[in-house]
There are 2 protein chains.
Amino acid sequence: MEQRLADTIAQDLEELIFDGTYSDGDRLDEVKLADQFGVSRTPLREAFQRLALSGLVDLIPRRGAFVRQPGPVELMEMFEVMAELEAVCGRLAALRISDAALKELADANTRCQMAVDAGDPDIYYLENERFHRIIYNQSGNSFLEQEASKLHRRLKPFRRQQLRFRGRMSQSMSEHEDIVQALSDSDPEKTADALRSHVAVQGEKFHNLMSSLKSHAQVVSSSR
Amino acid sequence: MEQRLADTIAQDLEELIFDGTYSDGDRLDEVKLADQFGVSRTPLREAFQRLALSGLVDLIPRRGAFVRQPGPVELMEMFEVMAELEAVCGRLAALRISDAALKELADANTRCQMAVDAGDPDIYYLENERFHRIIYNQSGNSFLEQEASKLHRRLKPFRRQQLRFRGRMSQSMSEHEDIVQALSDSDPEKTADALRSHVAVQGEKFHNLMSSLKSHAQVVSSSR
DNA sequence: AAGTGCATTTTTGTATACAAAAAACTTGAC
DNA sequence: GTCAAGTTTTTTGTATACAAAAATGCACTT
């Protein structure tokens with residue numbers, strides 16, 4: 001029973017922030033949360049440190065912990081970086097990818113296609129994630145893989161939104177095909193460009209969605 | 001008087017790890033360090049959380065905190081990512097940079113030149129850092145700026161090593177000139193390429209240094 | 001002598017206690 | 001009624017206390 005509470009609490013808090021239970025600017029009350037989780041303040045404060053460094057929380061000395069959801073501008077910036085990181089992964093992977101991994105990509109894609117046919121965004125999302133992770137991995141640079149995964153995870157709730165656009169799933173599919181083609185051609189620049197625009201489009205779609213809504217908290221909360 | 005000890009401790013510990021007081025695999029003894037810093041274990045443990053997330057420390061449940069210096073392979077990976085991040089900064093900055101910033105770059109460069117003439121690596125290092133930070137900033141993407149700065153900071157102790165190579169300072173200088181030229185030409189790709197190779201060279205130099213110190217460790221493309 | 005099982009010691013993780021700072025509230029002057 | 005100074009209440013930051021897990025040591029068996 002006795003295992004790291006601080007760890008699980010950090011994850012739980014992350015969830016609570018992602019799913020919109022806490023929105024931008026909210027203060028995280030130590031005693032209230034400690035009560036809620038049934039623990040003392042100590043593990044909570046350790047969890048806060050983690051959240052602070054991953055950017056989900058602002059830790060203001062002698063003030064407390066405040067959740068910090070990225071605004072529209074920062075989100076666009078993050079998508080831009082994600083696009084570039086994926087492009088780099090692709091450029092490196094084009095020269096380093098194994099035949100086995102290429103086959104895995106193709107498999108993930110056929111499962112994506114099945115999800116498109118079935119009109120199931122959840123399965124599509126799952127397979128899409130696998131697709132991208134394979135490319136991160138095949139960059140042959142595990143530090144890059146980690147960084148890309150980290151940002152990918154952070155953008156997860158927002159990335160997901162754009163699948164709601166009519167036709168986006170099938171468009172995304174054909175982009176995937178292009179990427180696989182470029183990879184099997186071992187063409188670094190073509191792969192990089194394909195991935196960059198594939199991700200950049202997601203950012204743009206999201207931006208469209210944002211500007212059509214008032215509060216992005218709604219967007220986040222509906223992604224659960 | 002009473003201000004965040006956890007913060008200062010995290011920084012101090014970082015220093016201690018960077019300057020080699022603690023090396024790879026060493027366990028950080030909570031009570032010993034608490035004694036040493038004259039504080040209790042609580043702020044120390046909070047500091048550990050931070051170090052863990054920035055990758056300097058492995059936090060193994062029920063075991064303790066172990067310092068984790070990147071090995072040669074991981075260092076090369078980090079330099080590769082740094083090179084790509086700087087390239088992205090440059091590509092964006094080429095289109096977005098202000099005249100004022102261009103002038104600042106030129107100024108930093110002349111101060112670099114003065115440092116080269118004086119044979120002062122410390123001043124060179126300082127101005128070089130300023131030079132790069134300006135480019136991060138002029139990418140116009142503050143998230144990217146942050147990420148680049150973070151990695152730059154983490155590579156600091158290793159980056160510095162390569163200035164020891166004979167002639168590296170002046171070579172670095174002329175690369176800086178090329179970068180400024182590409183930026184003032186507003187040429188994204190040329191800027192990106194110039195920055196990428198500028199940083200990649202640092203990684204290679206460092207690699208040379210490593211393999212001349214230790215028994216030649218071959219860097220393989222696919223790890224694990 | 002090596003290995004195993006148990007008791008002891010260390011060390012980690014969490015709870016609680018306490019001190020200092022910030023926020024909230026009260027009271028009084030204008 | 002508003003503002004300000006002082007007082008109370010909350011809340012953060014740190015220290016200490018305690019419980020559980022891991023590490024260590026030691027006797028005992030083979």
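Letters A, B, ... are given to chains in the order of the sequence lines, protein chains preceding strands, and every chain is numbered from 1. These numbers come from a predicted model, not from an experiment. No hydrogens, no waters, no symmetry mates; every other heavy atom, side chains included, goes into these values.
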*Calculate the interatomic distance between L33(A) atom CG and dT14(C) atom P; express it in whole Å.*
16 Å
*Any idea which of dT14(C), dT14(D), dT11(D) is nearest the A6(B) side chain?*
dT14(D)
*Look at R68(B) together with E74(B) and state whether they make a salt bridge at an N to O cut-off of under 4.0 Å.*
yes
*Let me know, please, whether E30(B) or G38(A) comes out on the 5' side of the other along DNA chain C by nearest nucleotide.*
E30(B)
*Answer yes if the side chains of E86(A) and Y136(A) hold a donor-acceptor pair under 3.5 Å, and no otherwise.*
yes
*Using whole Å, report how far CG of D35(B) lies from C1' of dT16(D).*
14 Å
*Round to the nearest Å and state the distance from I9(B) atom CD1 to dT14(D) atom C1'.*
10 Å
*Sidechain N-carboxylate O distance under 4.0 Å for E80(B), R96(A)*: yes
*DNA chain C contacts made by residues 40-61 of chain A, counting heavy atoms under 4.0 Å*: S40(A), R41(A), T42(A), P43(A)
_Rounded to whole Å, please give me the gap between CG in L5(A) and P in dA20(D)._
13 Å
*Starting at CZ of F66(B) and ending at P of dA22(D), how long is that distance when rounded to a whole Å?*
13 Å
_Distance, rounded to the nearest Å, where R63(A) contributes CZ and dA20(C) contributes P_ = 19 Å
*Heavy-atom count around D122(A) CG within 6.0 Å, excluding the residue itself: above 12?*
yes
*How close do P70(B) and M78(B) get, heavy atom to heavy atom, and via which atoms?*
CB-SD, 4.2 Å
*Kindly write out the residues that satisfy ring-ring contact (aromatic ring centres under 6.0 Å, His included) with F48(A), not counting sequence neighbours, or none if the list is empty.*
none
*Base, sugar-phosphate, or nothing: which does V39(A) touch, judged by heavy atoms less than 4.0 Å apart?*
sugar-phosphate
_Residue list, side-chain hydrogen bond (donor to acceptor under 3.5 Å, both in side chains) with R196(B), at least two apart or on another chain_ = E84(B), D193(B)
_In this structure, how many angstroms lie between the P atom of dT12(C) and the CZ atom of R62(B), rounded?_
10 Å
*Once you round it to whole Å, what is the distance between P of dG13(C) and CG of D29(B)?*
13 Å
